[in-house]
*Asks:* 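First the structure, then my questions, so here it is.
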Number of protein chains: 2
Amino acid sequence: MVSMHRRPSSRDVARLANVSQTTVSFVLNRREGANISEETRARVEKAAAELGYRPNRLADALLRNKSYTVCCVTPSRLSTYHAGVVEGIDNYLSARGYRLLSVYTHHDPVREAEQVHAFLDSAVDGIVYFADEVTLEFVDNWLSRAIESNVACLVVDTRSRPGLDAVVSDDVNGSRQVTDHLISLGHERIGHLGAGHVMSTAVDRLEGYRIAMKEAQLPIDESWVIGNSYLSLPSDQEIFDLACRVTAITAAADDSAGKVLQVLKERGVRVPEDCSVTGFGNQEWTPWVGLTTVVQHTQEMGISAGQLLLQRMGELSAPPQLRTFATDTVIRQSTAPPRPPDSAHRMPCLI
Amino acid sequence: MVSMHRRPSSRDVARLANVSQTTVSFVLNRREGANISEETRARVEKAAAELGYRPNRLADALLRNKSYTVCCVTPSRLSTYHAGVVEGIDNYLSARGYRLLSVYTHHDPVREAEQVHAFLDSAVDGIVYFADEVTLEFVDNWLSRAIESNVACLVVDTRSRPGLDAVVSDDVNGSRQVTDHLISLGHERIGHLGAGHVMSTAVDRLEGYRIAMKEAQLPIDESWVIGNSYLSLPSDQEIFDLACRVTAITAAADDSAGKVLQVLKERGVRVPEDCSVTGFGNQEWTPWVGLTTVVQHTQEMGISAGQLLLQRMGELSAPPQLRTFATDTVIRQSTAPPRPPDSAHRMPCLI
DNA sequence: CTGTTAGCGCATTCAC
DNA sequence: GTGAATGCGCTAACAG
């Protein structure tokens, strides 16, 4: 026979301790002004412990219209980068009495809006939106209500919302640095596997590549720039063709670089001997394949996001802040000097 | 001047529509028995739309002690496997009026307990716990309360909680099949990079390896079995030494296999020529490195988990179910027949 | 058919 | 120093 007892309420504690509900509230919340006798305090605490009393968060949130909850909206779970930022936010907020909940949109704007509305219907205090190529253009479906509801909103990974607090990597310089690395190795024909023009991160990374090439006075053949999306990559043939035209490829994302490694391996193009490859993001698996890539300081970004959120909760009308984080380049085995032009070895595509 | 209006309540709708709050509730919830005139219904709906009324989920949840929310407790975000299962649960539940929220424990049992308690304090309807090597032995810190609170609990990835609904892969057979694949290629000295004895998945994968070897009448030298944890892998040297003693290594996890690939590459052991390598899990990056691995049917597992949860919510006393899912082996380029014993090429470690 | 009333669990203002 | 009364927004008995 399972005990179907209702869970204990503060009233139950009050009854057991022979005091009023108010006193229980005062004791358990350590309320300042209230001068409760030591004897009463002890009796209340004993009663609460005895019953295993825990305050009902719903009742409190309903009363205050505040739930001490922040939600984090992400396209999917699959990114070391996102994971790091979320962990940073989580660490910051959980140490300050807030909890962080996550939902995934699966790149579906309708689902995203539903998820956020559900949060707004539950007195959420803050929303962190991780920009997504697909849903970005639909954020206004929910963002306007979030702002009207005085909820602290913050966006990660895009500069396209100047009215909001935002946290981003310095994508331009990150891309520039990794391209400089290739240039310093002696590469002159360098390709870029980009991710289109929807995400400012993609645009910035392409821009960084262009700047590096320009500063080195290396011309860019426009056929060296391919890729329109983080999500759908160019065909194997397009990637292969690019590798035949250049001696190095900078990819705007590690996942894209991973795909490049696969294609080149399958077609007999050796990395880095025949073609160097770089990524962006330092995903967990990149050491395993020796991919040279760009490290983003995800923990710091997350902590900063947490700070901005709490500030915004306190001061809704303060001017929005954009925080940009420098990156590092981590050099592994996927980059090396290009083959000398007269090398005996021929690229398979040139045979 | 920001409008600081309180968000509209059902009472506001009632006032605007000139009806009582009850009528608003009946209309908006399409309550069966109540026979509301078409005219009234239209007036209420118009008023609700005009005010942009949305019901407050907190009030409802407080009243019913039910929030139509399920929480999912995961060690971290970084796993294609977890991602797939969570997506399956999400798809199933969101189509049935529930929402799925996720939290991460970062392998910290204290944090995990806090997170779950916060959910229990908010009338969560179900909990999905993804077994984790570190927190598994502490689940009773919160599990007992969850069960007493009549919350539907389900565990993924471990058979160690026979009292609970559980969803697992057929790890024994998955591991056995991938080992059989190596045996059929002609390997006789096969090593296993395991993950200890805490997680039943790790134990089962080791067991599957042993069964396959036994059935093929291949003896196992106990020095071929290394690895005590999913989280902390053996040293590079240990991995290298293992590769010198065998012609193939089955890893209990893709991440471990990835590490093996890195070490072998760094030390000049060619894969698959000198040593074949297999993983487990079909993580997103495995195609990029051509890793032969075991595919788990994550979506189906998630859907099944969703079904079990809803069943359990309806019938708390039903006998617990364990659902086991078959796996597939996906063969890529990291496995090949062993070198002939008299091969001219020598392993670097044997030189 | 619709409105009045009560109460979910809590914090809080105001008496005593 | 402590307690009675109020209301957050909602649904659901129960009247009428």
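Within every chain, numbering begins at 1; the chains are lettered A, B, ... in the order of the sequence lines, protein sequences first and strands thereafter. Reckoned from all heavy atoms, side chains included, excluding hydrogens, waters and symmetry mates.
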*Asks:* Does D/dT2 have its OP1 or OP2 closer than 4.0 Å to a side-chain nitrogen or oxygen of A/T40?
*Replies:*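 The answer is yes; a side-chain N or O of A/T40 sits under 4.0 Å from OP1 or OP2.
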*Asks:* Please list all pairs passing the salt bridge (Lys or Arg N to Asp or Glu O under 4.0 Å) test where one or both residues lie in residues 100-128 of chain A, with sequence neighbours left out.
*Replies:*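 Listed once each, the pairs are A/K66-A/D125, A/R111-B/D90, A/D121-A/R145, A/D121-B/R7, A/D121-B/R54.
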*Asks:* Once you round it to whole Å, what is the distance between P of D/dC8 and CZ of B/R7?
*Replies:*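 The answer, rounded to whole Å, is 14 Å.
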*Asks:* Could you list the residues that satisfy salt bridge (Lys or Arg N to Asp or Glu O under 4.0 Å) with A/R64, not counting sequence neighbours?
*Replies:* A/D60
*Asks:* Restricting to ring-ring contact (aromatic ring centres under 6.0 Å, His included), what partner residues turn up for B/F119, sequence neighbours left out?
*Replies:*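 Residues passing ring-ring contact (aromatic ring centres under 6.0 Å, His included) with B/F119: none at all.
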*Asks:* Near DNA chain C, counting only heavy atoms under 4.0 Å, which residues of residues 51-71 of chain B show up?
*Replies:* B/L62, B/L63
*Asks:* Could you tell me which residues satisfy ring-ring contact (aromatic ring centres under 6.0 Å, His included) with A/Y98, sequence neighbours excluded, listed by chain and number?
*Replies:* A/Y68
*Asks:* At what angle, to 10 degrees, do the two end axes of the helix from C/dC1-D/dG16 to C/dC16-D/dG1 meet, given five pairs define each axis?
*Replies:* 50°
*Asks:* C/dA11, OP1 or OP2 - any side-chain N/O from A/S25 closer than 4.0 Å?
*Replies:*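 True: A/S25 side-chain N/O within range (under 4.0 Å) of C/dA11 OP1/OP2.
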*Asks:* Could you give the CG-to-P distance, from B/N29 to D/dA12, as a whole number of Å?
*Replies:* 7 Å
*Asks:* Over how many whole Å does the gap from A/L28 atom CG to D/dT2 atom C1' extend?
*Replies:* 16 Å
*Asks:* At under 4.0 Å between heavy atoms, what does B/T23 touch on the DNA or RNA strands: base, sugar-phosphate, or nothing?
*Replies:* sugar-phosphate
*Asks:* Enumerate the side-chain hydrogen bond (donor to acceptor under 3.5 Å, both in side chains) contacts for residues 20-29 of chain A, please, sequence neighbours excluded, ordered by first and then second residue.
*Replies:* A/S10-A/Q21, A/S20-A/T23, A/S25-A/N29
*Asks:* Show every salt bridge (Lys or Arg N to Asp or Glu O under 4.0 Å) that has at least one partner inside residues 150-167 of chain A, sequence neighbours left out.
*Replies:* A/D140-A/R161, A/R159-A/D204, A/D165-A/R312
*Asks:* With a 4.5 Å heavy-atom cut-off, do A/L58 and A/L62 have their side chains touching?
*Replies:*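 The answer is no, as the side chains (C-beta and beyond) never meet within the 4.5 Å cut-off.
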*Asks:* Could you check how far CG of A/D121 sits from C1' of D/dC10, rounded to whole Å?
*Replies:*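 So the CG-C1' distance, A/D121 to D/dC10, works out to 13 Å.
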*Asks:* Mind calculating the distance between CD (A/Q21) and C1' (C/dG9) to the nearest angstrom?
*Replies:* 7 Å
*Asks:* What residues, two or more places apart in sequence or in another chain, satisfy ring-ring contact (aromatic ring centres under 6.0 Å, His included) together with B/Y104?
*Replies:*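 Per chain and number, B/Y104 pairs via ring-ring contact (aromatic ring centres under 6.0 Å, His included) with no residue.
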*Asks:* Kindly give the atom pairs (protein nitrogen or oxygen, nucleotide nitrogen or oxygen) under 3.5 Å for nucleotides 13-16 of chain C.
*Replies:*
none

*Asks:* Quick one: list whatever passes ring-ring contact (aromatic ring centres under 6.0 Å, His included) with B/Y81, sequence neighbours left out.
*Replies:* none
*Asks:* Answer yes or no: does a side-chain N or O of B/S20 lie under 4.0 Å from OP1 or OP2 of C/dG3?
*Replies:*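 Answer yes for this pair, as a side-chain N or O of B/S20 is under 4.0 Å from OP1 or OP2.
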*Asks:* Mind checking salt bridge (Lys or Arg N to Asp or Glu O under 4.0 Å) for A/R43 and listing every partner two or more places apart, or none if nothing turns up?
*Replies:*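 Only A/E39 meet the salt bridge (Lys or Arg N to Asp or Glu O under 4.0 Å) criterion with A/R43.
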*Asks:* Between A/Y129 and A/L164, is there a side-chain heavy-atom distance shorter than 4.5 Å?
*Replies:*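 Counting from C-beta outward, A/L164 and A/Y129 never come under 4.5 Å.
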*Asks:* Output the rounded distance in Å from CZ (A/R6) to P (C/dG7).
*Replies:* 13 Å
*Asks:* To the nearest Å, give me how far apart CZ (A/R11) and P (D/dG3) are.
*Replies:* 15 Å
